[in-house]
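Both backbone and side-chain heavy atoms feed into the values below; hydrogens, waters and symmetry mates do not.
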Amino acid sequence: MNPANLPFDSEAMLQGLRGWVECESPTWDAGAVNRMLDFAARDMAIMGATIERIAGRQGFGDVIRARFPHPKQGEPGILIAGHMDTVHPVGTIEKLKWRREGNKCYGPGIYDMKGGNYLSLEAIRQLARAAFTTPLPITVLFTPDEEVGTPSTRDIIEAEAARNKYVLVPEPGRADNGVTTGRYAIARFNLEATGRPSHAGATLSAGRSAIREMARQILAIDAMTTDDCTFSVGVVHGGQWVNCVATTATGEALSMAKRQADLDRGVERMLALSGTTNDVTFKVTRGVTRPVWEPDAGTMALYEKARGIAKSLGAELPHASAGGGSDGNFTGAMGIPTLDGLGVRGGNGHTLEEYIEVESLVERGRLMAGLLATLE
């Protein structure tokens, strides 16, 4: 089976993808994410898949597991793992409207990662229409919480990955048309400052501001960044009344390192910030963590398979480890051959200028189809 001969059509793919993109699905809106999962489940049911819905927890949306018909159903096969949550609040579609400008198409979540999820299903659809039976059975797992570190579904992802021989992750492709064969370690932290209230006008000096302490600690955290381990604070909340010295302030921080040992040292430094200064208590607790994923022989053999398919399609396929975690961190760290970054090319993810390169829908669709058709 030559994937170059499959009749992928970028315009038809865009038409289907548009419905997904305009069905907004921010992580913290479980109802919105579930509407998107309904959309994908319907598409896969039409394709003949057996759909299982796993109830969400911790306030997040559900999980969809789809198993496609296969003579070896139930045996270890290929897991395609993608997330349907985005960072864009409902209503973003009014600011980041679906629009096509030449080879670019814009929309919330189109790049990260609905485009990659959609082309994965199109690859399965094209193989089925060609009456081609893949050597291995295919399972698709769509999850609701990757953008906040996968706190509610890591166990499901790892359990499903353990039942399969390979994991393909259609996160965005690299700008050089590359794929991802490893990811850096990432840790999240919850920050809390607790001060002493007073009237900000009448008795200012009697209070101890939690906001002031949080600001001081933010600067200290940013200053901890080195080439080996980065630190940043991305969420801050504090105070309720401008005429009250703030009693509490909260925040969230992120640390990333290329090596697990560097992240472990970074975690120790973050936790050591906890303490009391000038009657204000600052507390750091560890949140969700993604382990470092370093490519092993299995992942590199999987990459070489993909590189050969890309070459037959007339394209180079470089590879690299990458920052910015994905659920590939978990499966790769388990030692299961994992290939990430198989999704669309594009740019400006997590912004109001998020876009994909339209031609990459077909190019990456054929690459995905080639992998599904040859892995055994």
Side-chain angles (χ1 to χ4, degrees), residues 1-3 5-6 8 16 37 39-54 62-84 113 116-143 146 153-171 179 296-306 308-309 326-328 330-343 364-376:
M1 198 287 299
N2 184 351
N5 294 332
L6 294 173
F8 283 88
L37 291 171
F39 217 136
R42 186 178 190 277
D43 284 353
M44 292 188 289
I46 291 171
M47 294 166 62
T50 299
I51 309 296
E52 298 171 78
R53 187 125 187 173
I54 303 166
D62 298 341
V63 175
I64 291 292
R65 178 167 56 200
R67 302 190 193 280
F68 288 83
H70 196 277
K72 297 180 181 179
Q73 191 69 58
E75 296 182 17
I78 301 169
L79 174 65
I80 297 175
H83 67 88
M84 282 298 187
M113 62 177 290
N117 291 338
Y118 191 86
L119 71 82
S120 299
L121 298 194
E122 182 65 17
I124 298 171
R125 188 182 290 114
Q126 289 289 342
L127 290 170
R129 287 175 177 170
F132 183 88
T133 300
T134 59
L136 297 175
I138 300 168
T139 300
V140 173
L141 192 72
F142 286 144
T143 54
E146 190 274 345
T153 58
R154 176 177 177 175
D155 54 351
I156 293 175
I157 293 166
E158 291 181 337
E160 196 60 41
R163 299 183 186 105
N164 286 278
K165 295 181 68 173
Y166 304 99
V167 178
L168 306 179
V169 185
E171 287 274 4
V179 290
D296 58 14
T299 286
M300 292 311 298
L302 176 56
Y303 162 69
E304 289 297 334
K305 169 73 76 171
I309 294 167
S326 87
D327 292 330
F330 303 133
T331 64
M334 292 171 68
I336 299 168
T338 299
L339 194 58
D340 200 343
L342 285 165
R364 288 306 181 100
R366 288 202 168 110
L367 176 62
M368 179 66 75
L371 283 167
L372 297 176
T374 56
L375 288 175
E376 55 186 12

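- Atom OG1 of T134 is separated from atom CG of L127 by 7.5 Å, given to the nearest 0.5 angstrom.
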Show your reasoning for whether side-chain contact (heavy atoms from CB on, under 4.5 Å) applies to F330 and T338.
CA-CA 10 Å; F330 303 133; T338 299; over 6 Å; no
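- In terms of heavy atoms, G341 sits closest to R364 at O-NH1, 2.8 Å.
- Crowding of R163 atom CZ: a count of heavy atoms from other residues, nucleotides or ligands under 6.0 Å exceeding 12.
- In this structure, CG in L119 is found 12.5 Å from CZ in R366, a value given to the nearest 0.5 Å.
- Going from atom CD of E146 over to atom CE of M113 covers 7.5 Å, rounded to the nearest 0.5 Å.
- Taking both residues in full, the closest heavy atoms of P71 and T133 are given as CD-CG2, 3.9 Å, listed atom of the first, atom of the second, then distance.
- Annotation: side chain to side chain contact (heavy atoms under 4.5 Å, CB included) contacts of E52 (sequence neighbours excluded): R65, R67.
- The only member of I80, V63, N164 that meets side chain to side chain contact (heavy atoms under 4.5 Å, CB included) when paired with L141 is V63.
- Distance check, rounded to the nearest 0.5 Å: CD1 of I124 to CG of D43 gives 11.5 Å.
- When all heavy atoms of P3 and I309 are compared, the closest pair comes out as CG-CG2, 4.5 Å.
- Taking all atoms of both residues into account, the shortest heavy-atom contact from P170 to A81 is CD-O, 3.3 Å.
- Contact annotation: the side chain of I54 never approaches that of T153 to less than 4.5 Å [non-hydrogen atoms, C-beta and beyond].
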T331 and D340: side-chain contact (heavy atoms from CB on, under 4.5 Å), yes or no, with the steps?
CA-CA 10 Å; T331 64; D340 200 343; over 6 Å; no
Evaluate the side-chain contact (heavy atoms from CB on, under 4.5 Å) criterion for residues V167 and I157: first the C-alpha distance (whole Å), next the side-chain angles of each, then the deciding distance (0.1 Å), finally the verdict.
CA-CA 10 Å; V167 178; I157 293 166; over 6 Å; no
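- Heavy atoms of other residues, nucleotides or ligands lying less than 6.0 angstrom from CD of E376 number 12 at most.
- Taking both residues in full, the closest heavy atoms of A369 and M1 are given as O-CE, 4.2 Å, listed atom of the first, atom of the second, then distance.
- One finds the CG atom of L372 at 12.0 Å from the CD atom of Q126 (value rounded to the nearest 0.5 Å).
- Here L339 contributes atom CG and M368 contributes atom CE; the two are 8.5 Å apart, rounded to the nearest 0.5 Å.
- With M84 as the fixed residue, the side chain to side chain contact (heavy atoms under 4.5 Å, CB included) test singles out one of D62, N117, T143: N117.
- In this structure, the side chains of F132 and L6 stay at 4.5 Å or more apart for every pair of heavy atoms.
- When all heavy atoms of P135 and A373 are compared, the pair lying nearest together is CD-O, 3.3 Å.
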For side-chain contact (heavy atoms from CB on, under 4.5 Å), just list the numbers for V179 and L342, CA-CA rounded to whole Å, side-chain angles, deciding distance to a tenth of an Å, and then say yes or no.
CA-CA 6 Å; V179 290; L342 285 165; 3.9 Å; yes
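- Qualifying side chain to side chain contact (heavy atoms under 4.5 Å, CB included) partners for I51, counting only residues two or more places apart in sequence or in other chains: A41, M44, A45, A49, I64, A66.
- Looking only at distances, no side-chain donor or acceptor of K305 sits under 3.5 Å from a matching main-chain atom of L371.
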